[in-house]
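Convention: sequence-line order gives letters A, B, ...; per-chain numbering from 1. The structure presented is a predicted model; accordingly, all values stated were derived computationally and were not measured.
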Number of protein chains: 2
Amino acid sequence: MQISSRFTIAVHVLTCVAVLDGQMPLNSETIAGSVGVNPVAVRNIFRQLKAVGLITVQRGGNGGVALARKLSDITLLDVYRAVDSVESGQLFHFHENPNAACPVGRNIHHVMDGRLAEIQDEMEQKMATMTLADVVTDTEALIAKEAQQAG
Amino acid sequence: MQISSRFTIAVHVLTCVAVLDGQMPLNSETIAGSVGVNPVAVRNIFRQLKAVGLITVQRGGNGGVALARKLSDITLLDVYRAVDSVESGQLFHFHENPNAACPVGRNIHHVMDGRLAEIQDEMEQKMATMTLADVVTDTEALIAKEAQQAG
DNA sequence: TATGCATGTAATCAAGATTAATACATCAAA
DNA sequence: TTTGATGTATTAATCTTGATTACATGCATA
C-alpha cells in the first residue's frame with residue numbers, strides 16, 4: 001500500500017491557493033477542478049488544514065480559502081501530518097496476531113518497533129526540510145517558462 | 001494508508017527461520033502459527049523471498065525453508081523490496097487526474113516528483129543500514145533474558 | 001514405485017478503506 | 001432576504017487485503 005493521495009492533493013490545494021490568488025475565486029469547486037477530484041474531497045481537506053492552522057476558510061457568498069502562515073513556514077511534514085496521510089501516524093502496518101506462545105512471536109514486536117520508528121523518523125525529518133515556498137517557487141518558474149516558450 | 005504488513009510478516013518469517021532452526025520444522029504451517037496468519041500467506045511470501053534469492057524452499061516430505069544468504073547480508077531494504085511493500089515501488093500515491101488546463105495542475109506533478117523521490121530514498125537508505133543479523137541478535141537476547149528470569 | 005507430506009498457485013469470499021456523489025443544514029455578505 | 005459557499009452525513013461503487021478452500025506439483029522415503 002501507499003501513502004494516501006490526500007497528501008499530494010493537499011499540497012496541490014495549497015499551491016493553488018498561493019499561485020492562483022487573485023486570478024480566480026479560491027473555493028472548493030474551482031480548486032477541485034484543478035486537482036481533478038470531487039469538491040467534497042477538497043472541503044474535507046480544507047477542514048483538516050484549518051484544524052492545524054495552515055489556512056483560514058470563510059463561508060458564505062464570496063467565501064473561500066486563504067493561507068494562515070507564510071509559505072516558508074509550512075513544511076511538507078506539516079501538510080503530511082495535517083491530512084492523516086497514514087493511519088494513526090504509523091507508517092508501517094505491523095501484523096496484528098503474532099503468537100505469544102512462540103519465542104519469536106512474543107518478541108518480534110518489541111525488537112522491530114524501535115527500528116520502524118527510526119526509519120519513519122528519518123523520512124519525516126526529510127519532509128520537514130522542504131517548504132511550500134520551495135514548491136511554489138518551482139511551480140511559478142515552470143509557469144513563467146511556459147509563457148516564455150509560447151512567445 | 002500504511003505500508004503493507006507483508007513487510008513485517010516477512011521479517012518475522014526470516015527471523016523464525018534463523019532463530020528456530022533445528023527446534024521445529026520450518027514449514028509454512030509452523031511459521032504461520034508463529035506469525036498468526038494463514039499458511040498460504042506465508043507460502044506467498046516464501047515465493048517472493050525466493051525470487052530475489054533470500055531463501056531456498058524445498059518441496060515434498062520434510063520440505064521447508066532455509067536462508068540463502070548470511071543474516072548480515074540481508075538488509076531490511078532487501079526484504080521490503082522483495083515483498084512489494086508498496087505499489088510499483090512508489091511510496092507516495094499521487095492523485096491521478098490533475099487538470100492540464102490549470103497552470104498548477106499541469107506542473108505540480110513535475111515539481112513534486114523529485115521531492116517525493118528524495119524523501120523515499122532517504123527512508124530506503126535508512127532501511128539499508130539495518131540487517132537481519134541485528135534483528136536476530138536482539139531477538140535472541142530477549143529470549144535469553146526470558147529464560148534467565150524464569151530461573 | 002507407490003505413498004505421504006509440503007510447496008505452488010488459482011479462485012472465491014468477506015472485510016475494510018477510498019472516493020465519488022447526493023443532499024441538505026449552516027453561515028456570511030450584499 | 002436572497003445568494004453562494006462551506007460543513008457534514010450518508011450512500012454507493014471501486015479497490016485492496018487477507019482468509020480460506022481446493023487441488024496440482026514435486027520430493028523423500030518406505
Side-chain angles (χ1 to χ4, degrees), chain A residues 1-10 12-13 16-17 24-33 35-51 54-66 68 83-88 90 92-99, chain B residues 1-10 12-13 16-17 24-33 35-51 54-66 68 83-88 90 92-99:
Chain A
M1 290 299 314
Q2 299 172 302
I3 292 172
S4 173
S5 62
R6 263 198 313 280
F7 171 59
T8 59
I9 292 175
H12 188 153
V13 166
C16 278
V17 175
M24 57 177 70
L26 297 174
N27 58 47
S28 64
E29 193 164 328
T30 59
I31 293 178
V35 178
V37 297
N38 195 283
V40 174
V42 173
R43 293 208 284 270
N44 285 331
I45 286 176
F46 281 179
R47 189 189 345 174
Q48 295 181 294
L49 295 176
K50 189 176 78 169
L54 296 186
I55 60 174
T56 57
V57 185
Q58 193 167 24
R59 303 172 78 156
N62 71 358
V65 186
V83 298
D84 271 329
S85 302
V86 296
E87 272 176 62
S88 315
Q90 298 296 309
F92 293 96
H93 179 16
F94 211 105
H95 53 291
E96 327 249 320
N97 305 307
N99 185 350
Chain B
M1 290 299 317
Q2 299 173 301
I3 292 171
S4 173
S5 62
R6 265 199 311 280
F7 171 59
T8 59
I9 292 175
H12 188 152
V13 167
C16 279
V17 175
M24 58 177 70
L26 297 175
N27 58 45
S28 64
E29 192 164 327
T30 59
I31 293 178
V35 178
V37 297
N38 196 284
V40 174
V42 172
R43 293 208 285 270
N44 285 331
I45 287 176
F46 281 179
R47 189 189 346 175
Q48 295 181 293
L49 295 176
K50 190 175 79 169
L54 296 186
I55 61 175
T56 57
V57 184
Q58 193 165 25
R59 303 171 78 157
N62 73 357
V65 185
V83 299
D84 271 328
S85 303
V86 296
E87 273 177 59
S88 314
Q90 298 296 309
F92 293 95
H93 178 16
F94 211 104
H95 53 292
E96 327 249 320
N97 305 306
N99 186 350

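Closest to the side chain of Arg59(A), out of dC27(C), dT7(C), dT22(C), is dC27(C). In this structure, of dT18(C), dT16(D), dT7(C), it is dT16(D) that holds the atom nearest to the side chain of Met1(A). Across dA21(C), dT19(C), dG18(D), the shortest atom-to-atom separation from the side chain of Asn38(A) is found for dA21(C). Of the candidate nucleotides dT9(C), dG8(C), dA17(C), dA17(C) has the atom nearest to the side chain of Glu87(A). You'll find that the side chain of Asn44(A) is closest to dT8(D), out of dA5(D), dT8(D), dA20(C). Closest contact between the side chain of Arg43(B) and the listed nucleotides dT9(C), dA28(C), dA20(C) involves dT9(C).
The 5' end of DNA chain C is approached more closely, in terms of each residue's nearest nucleotide, by Gly63(B) than by the other of Gly63(B) and Gly60(A). Nearest-nucleotide assignment on DNA chain C puts the 5′-proximal partner with Lys50(B), out of Lys50(B) and Arg6(A).
Here SG of Cys16(A) is found 8.0 Å from CE of Met24(A). Values are rounded to the nearest 0.5 Å. Once rounded to the nearest 0.5 Å, the distance linking CD1 of Ile55(A) with CZ of Arg47(A) reads 11.5 Å. With values rounded to the nearest 0.5 angstrom, Ile9(A) atom CD1 is found 9.5 Å from Phe94(B) atom CZ. If you take CG on Asn27(A) and CG on Asn62(A), they are separated by 10.5 Å, rounding to the nearest 0.5 Å. With values rounded to the nearest 0.5 angstrom, Arg6(B) atom CZ is found 10.0 Å from Met1(A) atom CE. Considering CZ of Phe46(A) and CD of Gln48(A), their distance stands at 12.0 Å, rounded to 0.5 Å.
Rounded to an integer number of Å, the gap from NE2 of His93(A) to P of dT17(D) is 11 Å. As a whole-Å value, the separation of Asn27(A) CG from dC27(C) C1' is 16 Å. Atom CD of Gln48(A) is separated from atom P of dT6(D) by 16 Å (rounded to the nearest Å). Protein atom CD1 of Ile45(B) is 15 Å distant from nucleotide atom P of dT9(C), rounded to whole Å. Taking atom CD of residue Gln2(B) and atom P of nucleotide dA17(C), one finds them 10 Å apart after rounding to whole Å. Here dG26(D) presents its C1' atom at 13 Å from CG of Asn62(B), a figure rounded to the nearest Å. Remark: C1' of dT18(C) and CD1 of Ile3(A) are 16 Å apart, rounded to the nearest angstrom. Taking atom CZ on Phe92(A) and atom P on dT17(D), their separation rounds to 16 Å, with Å as the unit.
Glu29(A) comes within 4.0 angstrom of no nucleic acid atom, judged by non-hydrogen atoms across all strands. In this structure, Val40(B) reaches the bases: a heavy-atom distance under 4.0 Å links it to at least one base atom across the strands shown.
In this model, the phosphate group of dA29(C) is approached by a side-chain N or O of Gln58(A) to a distance below 4.0 Å at OP1 or OP2. For the pair Ser4(A) and dT18(C), the criterion of a side-chain N or O lying under 4.0 Å from OP1 or OP2 is not met. In this structure, Ser28(A) reaches the dT6(D) phosphate: one of its side-chain N or O atoms is under 4.0 Å from OP1 or OP2. A close approach under 4.0 Å does not occur between any side-chain nitrogen or oxygen of Arg47(A) and OP1 or OP2 of dT6(D).
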